[in-house]
Amino acid sequence: MILVNEPEEFCRVPRISAAAAGNPKAVVGITYQHFNLCCQIKEAASIPSASQNTALAERKVLVSYRATPSVGFHLPRLGQASYIDRATFSAEVSKDIVPKIITANGIDAATLRTEVTPGGYLLKTNASLQTEGDLDDAAADRLASSLGYVLRQYRVLTSRLDDTTGKTGLVIVRFPQGSLSATVAQRFFEAADATKNGLGGGYSVVGDEQIFLNATNSEGKPYSGLDDASFLDGLRRAAVSFGSPKPRVSSLGNATARFIANDWQRSTRGEGYQTLLGGSDGELVRKLDEISRCYAFLLAKTADSKGWARDE
């Protein structure tokens, strides 16, 4: 087993293989090693301060991602995990890991808000995290890259929902206050796709609003295969025919949205993210590697208690 470097200030973390550094083909086998402290991450003088980041921000940015990893860990039963277990783990990541990542980027964690919400991808709803705050594009992309790097995500979505000059179609479906549970969100997700094929690609939730973005690829073609008018028409008809709780299309138009991504199959050490993080030898990546050890420990503890790592 190839071990990643241990943090200078130690915590009780699992020893992890190269997989946890981003190699999905060499999945991690997790064993525990006892250390002294719990991942105290040092300040990096080279990272811009929060005031520098927010001074140029004109609109709030929403960063959407998941707490459970897409690659790098041997978790054969993660796919069977309940929504409640995923949401509980997401809340722990939001409390213990996300603030460290934000701080590593030179941002005051208190200036950003992170919440656990339902999120959909390819007709399946899982717990997701939404981090919102005032950041300029460079800071938002760097934060998204940091989150994707530590949490081993293939892609992280950044969006500015109030940027009407954007080129991404936006439809917001509002539900009665307090009624938009994960179950209701999944029901509407399925109803929308049944109304018009292509609407089951993905969604985010903030409060009582289910947010659908007609996101495009690098060539400007919507992943849904629908133009914005058809995208809106399908969601509007789905809202009209949906039962209780009764939703309505509350907002539509354009937004700015883009994916920050890394293909872990090809870039096994997260090079797609590292390019936005100052390079593999940069101070930020070194800080994130230490945070990754804290994340791996938290994941190992949860996987052990929930049985996610047991072979089928």
Side-chain angles (χ1 to χ4, degrees), residues 20-22 24 53 57 59-73 86 89-91 93-94 97-107 109 112-122 124-161 163 166 168 170 201-206 211-218 223 255-278 284-285 287-289 291-292 295 299:
N53 284 336
R59 305 178 181 90
K60 285 188 180 297
V61 65
L62 184 67
V63 184
S64 307
Y65 53 101
R66 289 185 183 173
T68 50
S70 299
V71 297
F73 298 89
R86 287 175 179 263
F89 177 69
S90 298
V93 169
S94 173
I97 304 299
V98 172
K100 289 181 172 68
I101 297 173
I102 293 171
T103 301
N105 277 267
I107 302 167
L112 302 183
R113 183 185 69 173
T114 299
E115 62 177 323
V116 181
T117 74
Y121 178 65
L122 297 182
K124 184 174 182 179
T125 291
N126 276 311
S128 69
L129 290 173
Q130 309 290 336
T131 296
E132 184 180 37
D134 294 316
L135 298 173
D136 61 44
D137 285 346
D141 289 355
R142 188 168 58 244
L143 177 59
S145 295
S146 299
L147 291 162
Y149 182 75
V150 172
L151 305 180
R152 296 299 184 258
Q153 304 294 298
Y154 274 102
R155 58 185 187 176
V156 174
L157 177 66
T158 66
S159 56
R160 298 187 187 275
L161 303 182
D163 183 3
T168 301
L170 165 69
Y203 72 84
S204 300
V205 166
V206 175
I211 301 164
F212 293 84
L213 288 162
N214 198 18
T216 59
N217 61 20
S218 59
Y223 290 107
T256 296
R258 62 183 176 278
F259 288 107
I260 309 300
N262 180 74
D263 184 349
W264 291 99
Q265 299 297 324
R266 298 188 180 201
S267 302
T268 58
R269 300 194 67 82
E271 292 91 337
Y273 292 136
Q274 288 176 355
T275 58
L276 293 174
L277 300 174
L284 179 53
V285 169
K287 287 166 65 85
L288 295 175
D289 284 341
I291 298 170
S292 294
Y295 171 69
L299 178 61

Please test Q153 against L147 for side-chain contact (heavy atoms from CB on, under 4.5 Å), starting from the C-alpha separation and ending with a verdict.
-> CA-CA 8 Å; Q153 304 294 298; L147 291 162; over 6 Å; no
Over all heavy atoms of both residues, which pair between [X] and [Y] is shortest? Give the atoms and the distance, please.
X: A67; Y: F89; answer: O-CE2, 3.4 Å
X: R160; Y: D136; answer: NH2-C, 3.3 Å
X: Y223; Y: T216; answer: CE1-O, 3.3 Å
X: G133; Y: L112; answer: CA-CD2, 3.5 Å
X: S146; Y: L277; answer: OG-CD2, 3.3 Å

Any sub-3.5 Å donor-acceptor pair from [X]'s side-chain atoms to [Y]'s backbone N or O?
X: E271; Y: R269; result: yes
X: S128; Y: T117; result: yes
X: E115; Y: V206; result: no
X: S94; Y: S90; result: no
X: N105; Y: I107; result: no
X: T103; Y: K100; result: no

Sorted by chain and number, sequence neighbours left out, side chain to side chain donor-acceptor pair (under 3.5 Å) with T114 holds for T131
Applying side-chain contact (heavy atoms from CB on, under 4.5 Å), name anything that partners N262, two or more places apart in sequence or on another chain.
-> W264, S267, Y273
T158: what forms a side-chain contact (heavy atoms from CB on, under 4.5 Å) with it, not counting sequence neighbours?
-> V61, V63, D141, A144, R258, I260
Stepwise, does the side-chain contact (heavy atoms from CB on, under 4.5 Å) test hold for T256 with T168?
-> CA-CA 6 Å; T256 296; T168 301; over 6 Å; no
Over 12 foreign heavy atoms within 6.0 Å of OH, Y121 | no
Verdict with reasoning, R142 to L135, per side-chain contact (heavy atoms from CB on, under 4.5 Å) = CA-CA 10 Å; R142 188 168 58 244; L135 298 173; over 6 Å; no
Atom [atom1] of [X] and atom [atom2] of [Y]: how far apart are they, to the nearest 0.5 Å?
X: L170; Y: S159; atom1: CG; atom2: OG; result: 8.5 Å
X: L276; Y: L143; atom1: CG; atom2: CG; result: 11.5 Å
X: S292; Y: I97; atom1: OG; atom2: CD1; result: 9.0 Å
X: F73; Y: Y295; atom1: CZ; atom2: OH; result: 6.0 Å
X: L213; Y: F259; atom1: CG; atom2: CZ; result: 8.0 Å

Using a distance-only test with no angle check, is there a side-chain donor-acceptor pair under 3.5 angstrom linking T125 and Y203?
-> yes
Let me see the working for Q130 and L62 under side-chain contact (heavy atoms from CB on, under 4.5 Å), right down to the final yes or no.
-> CA-CA 7 Å; Q130 309 290 336; L62 184 67; 3.7 Å; yes
Would you say Y65 and V93 make side-chain contact, with heavy atoms under 4.5 Å?
-> no
